[in-house]
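Lettering of chains follows the sequences in order, A, B, ..., and the numbering in each one begins at 1.
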Amino acid sequence: MEFAELIKTPRVDGVVLHRPFMPTVEGTLCLTGHHLILSSRQDNTEELWLLHSNIDCIEKRFVGSLGTIIVKCKDLRVIQLDIPGLEECLNIANSIEALSTLDILSLMYPFFYRPMFEVIEDGWKSFLPLDAFKDLETMTDEWRLSEVNKDFSVCPSYPPLVAVPKDIDDDTLRKVASFRHGGRFPVLSYYHKKNGMVMMRSGQPLTGTNGRRCKEDEKLINATLRPGKRGYIIDTRTINVAQQAKARGGGIESEANYPQWRRIHKAVERSNVLQESLIKLVEACNDQSHSMDRWLSKLEASNWQTHVKEILTTACLAAQCIDREGASVLVHGTEGADSTLQVTSLAQIILDPACRTIRGFQSLVEREWLQAGHPFQQRCAQSAYSNSKPRQEAPVFLLFLDCVWQILRQFPCSFEFSESFLVLVFEHSYASQFGTFLGNSTAERAKLSLPEKAVSLWSWVNRPQELERLTNPLYEANSLVIWPSVAPQSLLLWEGVFLRWNRSSKCLDEAYEEMVHIIEYNKELQNKVNSLRRQLAQLETEDPLLQTP
Amino acid sequence: MEFSEYIKTANVEDVVLRQPLHPPGRGTLCITGHHLLFSDREEGSCRQVLLLLRNIDAIEKSVENLLTCSGLFSNAGLSQSGVSRLSGSSGTITIKCKDLRVLQLDIPGMEECLNIARSIETLSCLDSMSELYPFFYRPSNASLWDQWGLSSLERHYSQMKELHDRWRLSTVNRDFSVCPSYPQAVIVPKSTDDDMLEKVAKFRQGGRFPVLCYYHKKNGMVIMRSSQPLTGANRKRCREDEQLLQAVIDGSDKGYIIDTRSSQQALQARMTGGGLESKSCYSSWKRLQRQMERGKALQESLIKLVEACRDESNNMDRWLSKLENSKWLSHVQTALSTAGLLAECVERDGHSVLVHGSEGTDSTLLISTLAQLIMDPSCRTLEGFLTLLEREWVQAGHPFQQRCAHSAHSHARLQQESPVFLLLLDCVWQLWRQFPLALGFSEALLLRLATEAYASDYGTFLGNNQQERCTLGVKENTHCLFQALLRPRERDCYSNPLYEHTELAIWPSVHPQSLQLWRGFFLRWTPQTHHLEEAQEEIRNMVIEWGKLALSSCPAST
């Protein structure tokens, strides 16, 4: 297919662009296969380069021969284009609609994007399972790396290499895979160095209505328990939802068959509910009425904050079982690719200081989301503005980032990265020039040869100039477990994402700059003092007269 | 009166104190005339908690004793109270403070517990002002001869040279006979003499005739404030009042009157002798009615909000709907937008404004203060802000004693209590949050002021007006809070390390989405805000360190 077919009018002059917090710009609008570009051709005004894949939906209006297109983006920005000429406007609108909803992965921009920067470190190779396993080996020898899924036949959504208990062979794994939803047999998610306890994740067991059991499954998860110890299964569904799942072939681990495990049910919402919640929240945030009551009741009605609280509570529970109870944990919901990952990854943020560094966080996203098979392509196809009927869309990953932000806000000195890093990851998960978040699984990414054909987001992030921008100036390594407060009063709306385009952050940004400046100056002076002290010590040893009595 | 009459049990050993953010401690509890003192005698710690009894809003007591036993021994128990302490009887006192902290004391011995509780109840709400702690507080680092207060209207006037053409300082109120709630000196238009002022005072509620409160240097426009005119049902008018106001807008085409009541409220006020400036008599003034909540409604809103903050049901919907129901944030929004309107009239429209509500001592002061912060950079420094508070709240006669008698926990029937000053601090905090560089003081200052207004070692917020303070000899017998806040160590703590002077007006966003709950105050005693304070502390330390380093490294490097 040629993009040119979809672009009837590639260029319009005299288009007026309105953007939040920026002066109006008049210039030439160009459409390319992947971008909407508006340039005034003057040096001093910033050009607009908008990826079509960032466009969630458009609205068009006509007054006489002047057309207006309102472009609503997946990063929640809303911009307006005034286009002279009815036909031009219609053509542009049609092109945007077609180009922004292309669903052929191989035509996406990451396959065409060539980096304009020097790649110091190839992000595709930065977080390989093999390296993670090497770290694990330094702590324990109870686990092995299995290649049972090397051709993705056992579990299509798992990576080729997974960590499993040492005593469990590949045949057993195959049998277990047929007993778990989507073939997602229990694998290692996190090893808690402090006490050797582990967190595993999987899909739901396929017990069905007649209570099918699988001895190998029991053997596998029991292999992770210390003799005489009990473990916890955290099921992210309510007991009712879990029971109902039996009718469709799913189910739960029965007490009879898993006597060493205690099952705890939590209520983390499923995807379609989350998507509706996001739509309501964004609508509330964009509400222009001046009524405080209306805002607060809309915020409440969106239920978004409730989801944040439920997810954080469940993650704290998992972390508590591991750190305080000294027990191993298995987490799953239905498919084990959404709420399960929210819980396992947040528990690691709480427990493991390494996950709170920039690199550690990348590694966490890579391990617990990308390689663990969170279907980004499906979940992030549309965002809050889209009018099309939601299918698989859900802001599961955005909720995870929101939860991380809540913890970051409560522990402002314990994270190496700042809020802007979380916002950046959010943006790229919905639309990006990088290939990192393309596809639904490692298998899909391998099939598309993404690592060879596209650039990784991490290649771009892990360069000094970017790292500097994303670093939290207040960071002080904190090796402790950090327990966030999950009281509703403690949780805030993430303004950095949801009110980003509604209120100017100029003054806040200035204050942040000032703080950074103070911290840098402080370091500088500290160095100066140290060197002066050294100088003084040196002088004192050289000249005995200087040694005051 | 002797305090000792009220203290039956002054000392109790082996008391357990539970307070937020600290592990429980066991130690000795003492009650004095003004304080509750707890000292932790456990090994390895020597924690002391000193609580001003005035800070206690309400207490709850529960005694667990062997009821049957006390029934049996009731006669004997009374006669030999000291000896027959019933083993196993104990009591718990929950102390709810005006700064929203909640403490719990587990006291062995039922009788001791009841005695302590009774002492606290009596001593925490003594009526006689001269017995309050400020009259007894004698810190070692300050003397009663030190300067009291930061400025006076006389000084303010003499510094503002640009006023002298058209404005004069009047001492018509030197013996507080014209207006009991005004200070001795006020600034009025030059063309109005003291006789006129006396007549105008009779036409305004509480004698609060229109006085100058702010002069906008950029365009010479002013903010005046007063109380409502006493037109009554038969629409009385007062030529002198009209002349005074005419003199204010001399040379300009019109002025605005911002009335902080709804039109209906203002019209109803006629029935009770109040009223509003009619169009016919004040033809060059345009009246804008902006309803602001006052008195009881605000107090109830605070009570609801604090209750919501203490809700432990862990339910997000419940929290958000309780927050909404409390209406507190709506009050913040109204106050800020009305102040914004006032500032717009002066700065953007270039017109003078008269502000009043009914009494002119609450919402009037709230918006005139906020408008000055918005427009005038000199109010935004630490000193400037404290001077503004001194002028617009203490000297202008906000009745602190009545408004801050009780806070959110009290079960006592509400009389004159109302958190107007707290609402001001909240609004200032919203400004501070939206313009982190523009204000020279820190959140810590706002928190300190919020505590001090309700219970203080200092005399600054004592009494309801200057007259009362004079009668009590506050100036001679107590220390001044504002002076204390400006001592070098305090100054470090209460300055904003990020402050950068800006000449521009700071227009706050009053969109509901832009306003936040002041967590630093309302959730101060819950663990999560604690970490944020640590981060603030970190920045502050850095700046202080920086100052020291800059000093010490300069001579060495040259």
Distance from [X] atom [atom1] to [Y] atom [atom2], nearest 0.5 Å?
X	Y	atom1	atom2	value
B:Arg519	A:Leu492	CZ	CG	4.0 Å
A:Glu514	B:Asn496	CD	CG	9.0 Å
B:Leu498	A:Glu513	CG	CD	11.5 Å
B:Ser330	A:Trp295	OG	CH2	13.5 Å

* Asked: Do A:Glu495 and B:Gln513 pass the side chain to side chain donor-acceptor pair (under 3.5 Å) test, and can you show the C-alpha distance, the side-chain angles, and the key distance before you say yes or no?
  -> CA-CA 9 Å; A:Glu495 291 185 30; B:Gln513 289 96 330; over 6 Å; no
* To do: Specify the closest pair of heavy atoms between B:Pro512 and A:Ser291, including all atoms of both residues, with the distance to one decimal.
  =>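 The pair with the smallest heavy-atom distance is CG-O, 3.6 Å.
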* Nearest heavy-atom pair of A:Pro488 and B:Asn314: which atoms, and what distance? ->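 Looks like CD-OD1, 3.2 Å.
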So which residue, [options], ends up with the most heavy-atom pairs under 4.5 Å with chain A?
options	answer
B:Asp311, B:Asn315, B:Asp317	B:Asp317
B:Leu320, B:Leu517, B:Thr334, B:Leu323	B:Leu320
B:Ser509, B:Ser313, B:Ser321	B:Ser321

Report which part of [X] has an atom under 4.5 Å of a heavy atom belonging to chain A: side chain, backbone, both, or neither.
X	value
B:Val332	neither
B:Arg318	neither
B:Glu312	neither
B:Gln333	side chain

* Heavy atoms under 4.5 Å from chain B: which residues of residues 303-312 of chain A carry them? -> A:Asn303, A:Gln305, A:Thr306, A:Lys309
Please identify, among [options], the residue contributing the most non-hydrogen atom pairs under 4.5 Å to chain B.
options	value
A:Lys506, A:Glu300, A:Gln535	A:Glu300
A:Leu493, A:Leu508, A:Thr313	A:Leu508
A:Pro484, A:Ala511, A:Pro473	A:Ala511

Need one label for [X]: side chain, backbone, both or neither, based on atoms under 4.5 Å from any heavy atom in chain B.
X	answer
A:Ala301	neither
A:Asp287	both
A:Ser414	neither

* Structure fact -> Among residues 294-306 of chain B, residues within the sub-4.5 Å heavy-atom range of chain A, in order of number, are none
* Asked: Do the side chains of B:His511 and A:Asn502 get nearer than 4.5 Å, heavy atoms only?
  -> no
* Main-chain N/O of B:Ala308 paired with A:Gln489 side-chain donor or acceptor, under 3.5 Å ->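 Such a contact is found between A:Gln489 side chain and B:Ala308 backbone.
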